[in-house]
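Some notes on the structure that comes next.
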Amino acid sequence: MYISKSSSVVLLVSFLCLVVLPVKSSNGCGYDACNLGDPNKLNVHIVPHTHDDVGWLKTVDQYYYGARNNIQHAGVQYILDSVIHSLEENPDRRFIYVEIAFFWRWWNQQTNDTRSKVKNFVNQGRLEFISGGWCMNDEASTHYNSIIDQHSLGAEFLRDQFGECARPKIGWQIDPFGHSREQASLFAQMGFDGLFFGRADYQDIDRRTQTKTRELIWKASANLDRRSWLFTGVLPNGYSPPGSFCYDIFCDDPPIMDDPRLHDYNVPERVETFIKAAHDEASSYATNHIIMTMGSDFQYENANQWFKNLDKLMKYVNAQQTNGSDVNVFYSTPSCYLYALNKVGRTWTSKTDDFFPYAHHPRGFWTGYFTSRPALKRYERLSNNILQVTRQLNAFSKTNLRGSIFPLNEAMGIAQHHDAVSGTEKQEVAFDYAMRLSQGIDVAVDVINKAYDKILPLDSKTPPSAPQFLCQLANISECLPIEGQDRFTLILWNPTVHTISHYVRVPVTKDYTVRDPSGHAIVAEMIPVSESTQRIPGRKSFALNQLVFKTILPALGFSTYYFEIKATENNNNNNEKQVLVTHNSECILQNEYLRVEIDCQGNLNKITNLKKKIVVPFSNQGFYWYGSYPGNNSGSEFQASGAYIFRPISSDPEPVSSKRSITCVKGQNFQSAIILFNNWASQEISLYDDAKMVEVEWTVGPIPVYDNIGKEIILRYDTDIQSDSKFYTDANGREVLERIRDYRPTWNYSKVEPVSGNYYPINSRIWIKDSNRQLTVLTDRSEGGASIQDGSIEIMLHRRTLYDDALGVSEPLNETAFDAGLVVRGKHLLIIESSTSSALYHRVASQRFYMNPLATYALPPLSYADYSTTYRQAWSALQTDLPLNVHLLTFDQIDTNKYLIRVENYFELHEDDTYSHPVIVDLQKLFQSQGVISDIAEMILTANLRITDMKRLEWVTTDNRSSKIDVKKDLSLKDLNILLNPMEIRTFLVTVE
């Protein structure tokens, strides 16, 4: 996504014969193919490229085919066709490509002859794949699990089709709207040598330009030290060409008109202008090498026009060297430019924070997209949950249906795009992203069924058909297939490597006896479905009640719960007596660990950690709204709030209502307070019997806009914690960074927007703390948030704006459904602990929040007696749980006896006395149900190179520290115990017998 300031005028280019430029003979691919220029000249690395959004104003396939050009003229298949033809014309020419989602589509349609040509270009270093992910992922709204997956998907394709010469070595994040430290750390673990991007805050850019520090060493992890270091460069023109040197069919810059016999001969002026542009750019950088990105959004549909003019430009600029010019210009790639910088042999400044939030002018903070399209953000997170469970079931059942999981894997890869999960696409495109995820899930359910067909039946049994199905609307108490049934089953797959207790809510229209895997009837309480839930537009369920009960789920395994209708109504009446419902009276929720006090007016007054005697009073807690600024975008002061930009009319948000009503529900294992603020905002504060955290389920929408004011809805938690302007947010679900209000670690920040300028992405958690108390809020999706006042956390939940923010999408963020504004529901988990012990709770809970047990239902035509003799009702792949600080990130069956696994220590250093330390894991324990490991190879994070073969470039910082790390040794089959240091992910390809 790039907003061009030039008009779209088709250039008329005259046909001229060129003298072929001298060719630098290629010694192969990679750095061996690089032209390092002249050490005595200013070397200008010309990088031809196209930036192809994997959906934005059009869907990914509309962009690929060039459909609907009335919206945006863009056709990726024609770009690739044209580029390959142009590369044949001149062996000096280079081109880079990034988005494998498009290249995969194009590659599938090519002849063997064309494929052979492309492979030659790759092997010669003339066509280079940069980043190599399925898309160029967003960095604020993405979870590390999905970032790794989408890059691995692209890396696997490139390895299989092209081999080592196609392995990416450079990150190319030229368009995302701010940059995450975790993204850089992951790139380093993928074996990358560097990263280039196009967007950084305008104040940061000004300072770096003045100090010539636009290129630096990013120390991207507080835990992994040099393994996370990554050379990082901020590109000079975003990712566009220098002014007046765009040669695309939609640019209006002058071509090189080089025949003096014809009119409008312009070679001297063009050469002089280019040389000046090169010197101007060089004044902002520290070496005699600079990079010029020649391309932009969906450019090179007529690659000949680009390359023909670039050939001429380089020829005539280099000819001026005989007249004393020091400018040496040549075709290059980002990796060759990086390699040239590496060979300069200088030291570089470093950075340890991130590049959030991003603003392009004083009123233009790109912090709205942290929350935009919250329903899509949640659906993406849920889809990842389903994808990982499907992989596990496929692997442990040895079904070997990896190819059938590809549609969901590919849909998830596309959804990571920086105009997808970010919520910055047109509405029609958002529907397309959701549809792809839905279709992928449908196919995944087929794999889940085939896996359970092998795992569930007891030996020698041939059970009747009873397919498993998902109830994806269970969050609004709707599961239509089980309504009115006399019997059904619920299977819960636990994707973690730890035994867990998990509470379930099942919407029902009858009362049931629920049997656990051992056949015992368990306590299942009938709780009324709230009126606010019943009124959600589009809800079709007749269920007015839900059964709530506790389950125990084995590590990497399942438990089955059998529901059968109760024979008499007496049991139902007894159950009703156990559940007490009161209205508009004080509501105290309490278990062994926590006490939550809510007054009769629905105000959350206090949460007490009973074991630790920690009390956190709340001066206020509830929903507020910011009015969306209705600017016309004609200048910074008129910037509107929209899909990208959050800009409130006032810094003081309005409460959504002046009074509330409260319904208090108390059962044996479950207590809740349902607080209704108005007809479009409510929350349910719940406490389960053995829970050590408080659940807050929020519901927002339809957001009213009848007053012609767009609204941005927040949930605010105001406490007396003395947070001293500090708060803490996670990066992509992993490491946590300290934030300080109205402050930036690397430049003197000038405050203009006091609210939006302090918003940061929250992918999984945010907290505030003082000397002995910490309030942590866990989120079920990516959201934006801040601490605008000491002791306060605010999290933006939903947005409905009425103005476009003039950043390209050309429509307001106004989501609707069922002829009304979109209703969105989500969850926060609140943890009240000491600051020294909080990590134990938020680390474990956050992993389980994103990798939740997957519930599937079935309608077996069997009594419980017959069911119990036909099916297994519990199973685990593990004999014992793995250590608490270990997480199984990936378990994927590659082939019949081959598996890809990733394991991690998900605790940081120094945050927990017990678990912030190295931990040993026996990998054979993961394969107890599969067989004996007969071969194993440790790989880099994207699994496309053995870690013993990874050789990254060495850099030196200004404090004389080297980035060089020791090469890891191969793992021995004699000792499969591996060491996981805090925040370390290790990747293995495993063969079993």
Side-chain angles (χ1 to χ4, degrees), residues 389-390 392-401 445-471 479 481-495 499-504 506-525 547-568 570-572 575 853-881 928-931:
V389 169
T390 306
Q392 290 180 4
L393 279 165
N394 178 62
F396 288 120
S397 66
K398 304 178 186 177
T399 312
N400 200 21
L401 291 174
V445 170
D446 291 339
V447 177
I448 290 171
N449 268 289
K450 288 181 172 62
Y452 276 137
D453 283 347
K454 295 183 71 173
I455 295 175
L456 287 176
L458 292 169
D459 296 339
S460 74
K461 297 290 184 178
T462 305
S465 176
Q468 303 291 321
F469 55 88
L470 301 175
C471 282
C479 183
I482 65 172
E483 289 193 9
Q485 298 291 335
D486 289 345
R487 65 178 68 88
F488 61 89
T489 59
L490 166 63
I491 295 179
L492 293 159
W493 177 271
N494 172 18
T499 301
I500 64 171
S501 65
H502 176 71
Y503 279 86
V504 178
V506 179
V508 293
T509 54
K510 299 180 179 181
D511 198 6
Y512 296 88
T513 298
V514 182
R515 298 187 183 276
D516 68 13
S518 62
H520 297 116
I522 61 174
V523 175
E525 298 178 285
L547 283 175
V548 179
F549 57 95
K550 178 182 177 180
T551 66
I552 303 297
L553 306 180
L556 279 183
F558 71 87
S559 291
T560 301
Y561 291 81
Y562 186 96
F563 293 66
E564 56 188 351
I565 191 169
K566 288 185 175 179
T568 68
N570 292 330
N571 290 331
N572 186 35
N575 184 68
L854 184 68
T856 58
Y857 294 83
L859 306 174
L862 298 173
S863 67
Y864 180 74
D866 290 337
Y867 186 90
S868 62
T869 58
T870 305
Y871 293 104
R872 289 186 181 88
Q873 296 179 75
W875 181 87
S876 174
L878 303 180
Q879 291 182 4
T880 57
D881 289 9
Q928 288 167 340
S929 64
Q930 311 301 100

Before giving the answer on side chain to side chain contact (heavy atoms under 4.5 Å, CB included), spell out for Asp453 and Thr399 the whole-Å C-alpha distance, their side-chain angles and the decisive distance to 0.1 Å. CA-CA 10 Å; Asp453 283 347; Thr399 312; over 6 Å; no
Using a 3.5 Å distance criterion without hydrogens, assess whether the side chain of Asn494 forms a donor-acceptor pair with backbone atoms of Phe558. no
Closest non-hydrogen contact found for Leu556 with Trp875 is O-CZ3, 3.9 Å
Ring centers of Tyr512, Phe549 separated by less than 6.0 Å: no
The single option from Leu456, Val445, Asp446 passing side chain to side chain contact (heavy atoms under 4.5 Å, CB included) against Gln468: Leu456
Distance from Leu401 atom CG to Leu393 atom CG, nearest 0.5 Å? 11.5 Å
Short side-chain to backbone donor-acceptor contact, Asp881 and Thr499, under 3.5 Å: yes
Would you compute the distance between atom OH of Tyr561 and atom OG1 of Thr551 and round it to the nearest 0.5 angstrom? 4.5 Å
Taking the side chain from Lys510 and the backbone from Ile565, do they hold a donor-acceptor pair closer than 3.5 Å? no
Begin with the C-alpha distance, continue with both residues' side-chain angles, and end with the deciding distance and a verdict on side chain to side chain contact (heavy atoms under 4.5 Å, CB included) for Gln485 and Phe563. CA-CA 9 Å; Gln485 298 291 335; Phe563 293 66; over 6 Å; no
N/O donor-acceptor pair under 3.5 Å between Ser397 side chain and Ile455 backbone: no
Residue pair Phe469, Leu859: steps toward the side chain to side chain contact (heavy atoms under 4.5 Å, CB included) verdict: CA-CA 9 Å; Phe469 55 88; Leu859 306 174; 4.1 Å; yes
Whether the side chain of Ser559 engages the backbone of Ile552 through a donor-acceptor N/O pair (distance < 3.5 Å, no angle test) should be reported. yes
Are side-chain heavy atoms of Pro464 and Pro860 found at a separation under 4.5 Å? no
Restricting to non-hydrogen atoms, name the atom on Thr869 and the atom on Asp866 that form the minimum distance, rounded to 0.1 Å. OG1-O, 3.0 Å
d(Ile522 CD1, Asp516 CG) to nearest 0.5 Å is 6.0 Å
Is there side-chain contact between Pro481 and Tyr857, with heavy atoms separated by less than 4.5 Å? no
Where is the tightest heavy-atom contact between Leu547 and Ala524, given as atom of each residue plus distance? CD2-O, 3.8 Å
Heavy-atom check, side chain of Arg487 versus side chain of Thr513, under 4.5 Å: no
Heavy-atom check, side chain of Leu854 versus side chain of Leu470, under 4.5 Å: yes
Looking at every heavy atom in both Pro507 and Ile482, which two are closest together, and how far apart are they? O-CD1, 3.6 Å
Minimum side-chain heavy-atom gap Phe488-Val506 below 4.5 Å: yes
For the pair Gln930 (side chain) and Ala395 (backbone), establish whether a donor and an acceptor sit closer than 3.5 Å, ignoring hydrogens and angles. yes
Enumerate the residue pairs fulfilling salt bridge (Lys or Arg N to Asp or Glu O under 4.0 Å) with a member in residues 549-565, sequence neighbours excluded, ordered by first and then second residue. Arg515-Glu564, Lys550-Asp690
For the pair Thr560 and Tyr871, evaluate side chain to side chain contact (heavy atoms under 4.5 Å, CB included) and give the outcome as yes or no after the intermediate values. CA-CA 9 Å; Thr560 301; Tyr871 293 104; over 6 Å; no
Could you check whether any side-chain N or O of Ser876 sits under 3.5 Å from a backbone N or O of Ala555, counting only pairs where one atom can act as donor and the other as acceptor? yes
From CG (Leu490) to CG (Leu492), nearest 0.5 Å: 4.0 Å
Assign the ring pair Tyr864 / Tyr562 to parallel, tilted or perpendicular, where the plane angle (0 to 90°) is split at 30° and 60°. perpendicular
For Gln879 versus Gln928, what's the shortest heavy-atom pair and its separation? N-OE1, 2.9 Å
